[in-house]
Amino acid sequence: MFSITIDLIQLFQLIVLIFLSSILIKILKLFRKRWKLMAAMKPFPGPPAHWLYGHALEFSQDGTDLDKTVTWAKKYPYGHQVWFGPFTAYLAVYHPDYAKALLAISEPKDDVVYRFMLPWIGDGLLINSGQKWHRHRRLLTPGFHYDILKSYVQEIAESTKIMLDKWELLSTSGKSVELYHHISLMTLDSILKCAFSFHSNCQLESNNSYIQAVYELGFLASERFRTFQHHYDLIYYLTPNGIRFRRACNLAHEHTDKVIRQRKEALKDEKELERIKEKKHRDFLDILLVSRDENGIGLSDEDLRAEVDTFMFEGHDTTASGISWLLYCLAQHPEHQQKCREEIHELLEGQEKFEWEFLSNMPYTTMCLKESLRLYPPLPGVSRKLSKPLIFPDGKQVPQGCLVALSIYSLHRHPLFWDDPEKFNPLRFSPENSEHRHHHSYIPFSVGPRNCIGQHFAMNEMKVAAALILNRFALEVDEANPPIKTPQIVLRSKNGIRLKIKKLEK
Ligand code: HEM
C-alpha cells in the first residue's frame, strides 16, 4: 500500500515535470522566434511598439485606421516593421520599388490573414501556392477569355437594371439611400448569373441569408486579424465571434454546394453537355467542371468548391466596393459626374441594349473609375510569406519565413509618387499623364504572376454599372453621413455609402 502511494506521488511529480518542461520549451521557442524576428526586422525600423501588444493597439478595433498607414508611409517611405503581440511581426511596405520586388515572385500568400479565410474560401486560387496554384491558374484562365467575357455584358446590364428599378422607388422619399447593400446584391446576382448561370433572384428576395453570411465572414476575418489573441484557433473558436464564423461558413458552403449540385444535375442532360462541347454559352462553372490538365485529370470536388467559393467572394465583394466608392467620388465631384454623364448619354441614346463595344468608348468614365480605384482600392493590401529571402533594389533583404504586407492603399497615396495624393483628379489617367508614372505606383489589381485573374471581368462590370446608373440618376453626397472607411478584407464603409439619388428627366 505504502509503495503504491510512493509510486503515485512519483508519477504525479513526473507528469508535473513533463508538463512544466514542455511549457518551458514552448516559451523558449517563442522567445527564439522573437529574437530571430527582431534580427530580421532590424534593417526596417518603425514606429515605437508596446512591449506586449506591439502595434496592435494602434489599429482600432473597428478598423477605421487606414489613414494611419498613410501617415507611417510618409515617415517610412519604403516600409517598416509592425508587431502584433510579442511573437508576430511583419514588414509593411509602401514603395513601388519594394512592391515590384515583392510581386515579381509567386510566393505563397501569408499564413495569417489568408489562413483566417481558409475555412471559408478553401484552398482555391487566391490562397493556394506552388504546383497546385500553377495547375489551377492554367485550368481557370480560359474562363476569362474575351469571347466569354463578351457574353456577360448583357447579364450585368440586366442585373443593374433590376437594381435601378428598386432605386426609382427609393429615390422618391428625397432622403439619402445606403447604396452599398444594393450594389453588393447586384454584383452577387451578376457573378451568379455570369459565372455559374445561377438565377438566384437575390436582389428581390429580402434578407438573403447567403449575403448576410458573406458580410459576416468578411467582417469576422478582418476582426480576427486585428485581435491578436484570436490568432490562435483554440481560443478563437471558443469565442462568440468564432462561433458566428463557423455558422456563417456552413451557410455559405451550403449555398455553394447547391449551385454545384444543380449544375452537375443539369450536365446529366445530353443537350447541356453538347452545349459545352460546342463551346456555346460556356460559363465559368462549365469550364471548372470539364477542365482537364495535360494528364487528363480534372478538379476534385473539394477543389471545385474552393474555386467556386473563391470566385463568389472575389467576384462580387470587390466590384461592389469599386462601384460604391466610384459613385461616392462622383457625388463629391458633380463636375466630373456631369462629364461622365454627357459621354454616356451620347453612347446610350436610342440604344436598346448595352453593347460590348460601348466599354471601349467611355474614356472619361474610365479615367474616373481608375482614379476612384486609386483612392479606394477594393483590396487595400496583399501579403506574402517568403519561401526564400527577398532582396529589395536598395540591397536590404528579408529572410525566408518572414511576412511581408504591401499596403496598396498607402502606395496609391504615396506623396513621392502622386501630386496632391488625396485629391480626386481623373486626369492623372489621361494617356499623356499616364506615361511617366512609376509602373508599380498604381496596382489596384496587383501585378506579376499572382495578379487578379478577374480584372477584365471586374472593369467591364464596373463600367456597365456606372454607365447605367449615371444614365438614370444624379448623385449627391449626404453631408450628414460621410462614409467611414474600414478594411474588412475588402474596403467598405462602416456606415455604408449613403447618397441622395435623383431620377433624371428623360
Ligand atoms: C474591382 C474588383 C477587383 C479588384 C480590385 C481585385 C483585386 C485583386 C488583387 C489585388 C489580387 C491579388 C491578391 C493577392 O495577391 O493576395 C486579386 C487576386 C485575385 N482575384 Fe481579384 N479583384 C477584383 C475582382 C475580381 C473578380 C471579379 C474576380 C473573379 C471573377 C477576381 C478573382 C481573383 C482571383 C481568383 C485572384 C487570385 C489570383 C491568383 O492568385 O492567381 N477578382 N484580385
Side-chain angles (χ1 to χ4, degrees), residues 99 102-115 117-118 121-130 132-141 143-145 148-149 152 155-156 183-184 186-188 190-196 283-285 287-288 303 306-326 369-370 372-385 403-409 411-412 440 442-466 487 489-492:
L102 181 69
L103 299 175
I105 43 180
S106 57
E107 290 297 279
K109 303 294 172 79
D110 86 39
D111 53 1
V112 181
V113 181
Y114 296 91
R115 180 169 69 82
M117 290 160 66
L118 195 71
I121 61 175
D123 198 18
L125 199 59
L126 184 66
I127 293 185
N128 59 27
S129 57
K132 184 169 183 181
W133 169 76
H134 270 289
R135 177 171 176 259
H136 282 213
R137 182 97 188 190
R138 235 185 7 256
L139 289 175
L140 304 189
T141 298
F144 294 91
H145 189 273
I148 290 179
L149 294 185
Y152 292 158
E155 301 282 15
I156 298 169
I183 295 170
S184 191
M186 184 280 284
T187 54
L188 179 68
S190 287
I191 194 78
L192 286 169
K193 280 186 201 158
C194 296
F196 309 109
D283 68 13
F284 176 72
L285 188 55
I287 287 168
L288 282 181
D303 287 345
E307 293 307 349
V308 172
D309 274 334
T310 299
F311 276 71
M312 295 266 204
F313 157 65
E314 268 284 331
H316 97 273
D317 225 12
T318 48
T319 48
S321 166
I323 297 166
S324 303
W325 288 106
L326 169 68
L369 175 57
K370 287 184 177 171
S372 77
L373 291 174
R374 179 185 72 83
L375 283 171
Y376 303 99
L379 280 189
V382 297
S383 44
R384 301 285 185 268
K385 182 169 185 172
L403 301 175
V404 184
L406 165 67
S407 168
I408 297 179
Y409 182 87
L411 174 79
H412 283 181
H440 287 74
Y442 180 70
I443 50 167
F445 295 103
S446 186
V447 281
R450 301 224 53 171
N451 70 351
C452 176
I453 198 172
Q455 61 183 294
H456 297 298
F457 175 92
M459 284 302 280
N460 295 348
E461 177 170 58
M462 292 187 290
K463 285 192 203 175
V464 173
I489 302 178
V490 165
L491 182 59
R492 292 166 179 273

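Just so we're clear, the structure is a prediction, and the values are computed from it rather than from any experiment. Counting starts at 1 for both ligands and their atoms, in listed order.
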- Sub-4.0 Å atoms of ligand 1 with respect to non-hydrogen atoms of F457: 27 (C)

- For atom 35 (C) of ligand 1, what is the nearest protein heavy atom, given as residue, atom name and distance? I453 CG2, 3.6 Å

- Message: Does L149 form a side-chain contact (heavy atoms from CB on, under 4.5 Å) with M459? I'd like the steps, not just the answer.
- Response: CA-CA 11 Å; L149 294 185; M459 284 302 280; over 6 Å; no

- Item | Interatomic distance, N451 atom CG to S106 atom OG [nearest 0.5 angstrom] | 11.5 Å

- Looking at P378, which atoms of ligand 1 are within less than 4.0 Å of one of its heavy atoms? 1 (C), 5 (C)

- A student checking ligand 1 against S446 at a 4.0 Å heavy-atom cut-off should list atoms 10 (C), 12 (C)

- Message: With respect to T319, determine whether any N or O atom, backbone or side chain, lies less than 3.5 Å from an N or O atom of ligand 1.
- Response: no

- Item | Candidate list Y152, F311, F457, test ring pair (Phe, Tyr, Trp, His ring centres under 6.0 Å), partner F144, passing option | F311

- Task: Would you check whether M459 reaches within less than 4.0 Å of ligand 1, judged by its heavy atoms?
- Result: no

- Query: Counting N and O atoms only, with roles assigned by atom type, does the side chain of T187 sit under 3.5 Å from a partner on the main chain of H316, one being a donor and the other an acceptor?
  - Reply: yes

- So OH of Y409 and CG of L375: to nearest 0.5 Å the spacing works out to 7.5 Å

- The option among L379, I408, N128, V382 carrying the non-hydrogen atom nearest to atom 8 (C) of ligand 1 is L379

- Query: Which protein non-hydrogen atom lies closest to atom 24 (C) of ligand 1, naming both residue and atom, and how far is it?
  - Reply: T318 OG1, 3.2 Å

- Task: Could you tell me whether some N/O pair between Y114 and ligand 1 is separated by less than 3.5 angstrom?
- Result: yes

- Does N451 come within less than 4.0 Å of ligand 1, judged by its heavy atoms? yes

- Message: Rounded to the nearest 0.5 Å, what separates atom CE in M462 from atom OG in S324?
- Response: 11.0 Å

- Could you tell me the residue and atom name of the protein heavy atom closest to atom 5 (C) of ligand 1, and the distance to it rounded to 0.1 Å? P444 O, 3.5 Å

- Task: Considering heavy atoms of the protein only, find what lies nearest to atom 15 (O) of ligand 1 and give residue, atom and distance to 0.1 Å.
- Result: R384 NH2, 2.8 Å

- Message: Under 4.0 Å from a heavy atom of A458: which atoms of ligand 1 are those, numbered in the order shown and with their elements?
- Response: 2 (C), 24 (C)

- Item | Side chain proximity check, D317 to I489, heavy atoms < 4.5 angstrom | no

- Message: Taking 4.0 angstrom as the limit and counting only heavy atoms of W133, give me the atoms of ligand 1 inside it, by number and element.
- Response: 39 (C), 40 (O), 41 (O)

- Message: Counting only heavy atoms closer than 4.0 Å, does ligand 1 sit against the backbone of F445, its side chain, both, or neither?
- Response: both

- The closest protein heavy-atom partner of atom 1 (C) of ligand 1 is M462 CE, 3.6 Å

- G454 near ligand 1 by a heavy-atom separation under 4.0 Å: yes

- Verdict with supporting geometry, L379 and V490, side-chain contact (heavy atoms from CB on, under 4.5 Å): CA-CA 5 Å; L379 280 189; V490 165; 4.1 Å; yes

- Message: Geometry only, no angles: is L125 polar-contacting ligand 1 at N/O separations under 3.5 Å?
- Response: yes

- Query: Are any of the side-chain heavy atoms of Y114 and V382 separated by less than 4.5 Å?
  - Reply: yes

- Query: Where on R137 is there a heavy atom closer than 4.0 Å to ligand 1, on the side chain, on the backbone, on both, or on neither?
  - Reply: side chain

- Query: Is the closest side-chain heavy-atom distance between N128 and D303 below 4.5 Å?
  - Reply: no

- Message: Does I287 form a side-chain contact (heavy atoms from CB on, under 4.5 Å) with I148? I'd like the steps, not just the answer.
- Response: CA-CA 11 Å; I287 287 168; I148 290 179; 3.4 Å; yes

- Interatomic distance, I323 atom CD1 to K463 atom NZ [nearest 0.5 angstrom]: 13.0 Å

- How far is atom 36 (C) of ligand 1 from its nearest protein heavy atom, and which residue and atom name does that atom have? L126 CD1, 3.9 Å

- Message: Would the distance check show the side chain of S372 and the main-chain N or O of W325 forming a donor-acceptor pair, the cut-off being under 3.5 Å?
- Response: no

- Note on the structure: of all protein heavy atoms, closest to atom 26 (C) of ligand 1 is E314 O, 3.5 Å

- Which heavy atom of the protein is the closest neighbour of atom 29 (C) of ligand 1, given with residue, atom name and distance? F311 CD2, 3.5 Å

- Item | Heavy-atom side-chain proximity of R492 to Y376 below 4.5 angstrom | no

- Item | Polar proximity ligand 1 side, K109 side, N/O cut 3.5 Å exclusive | yes

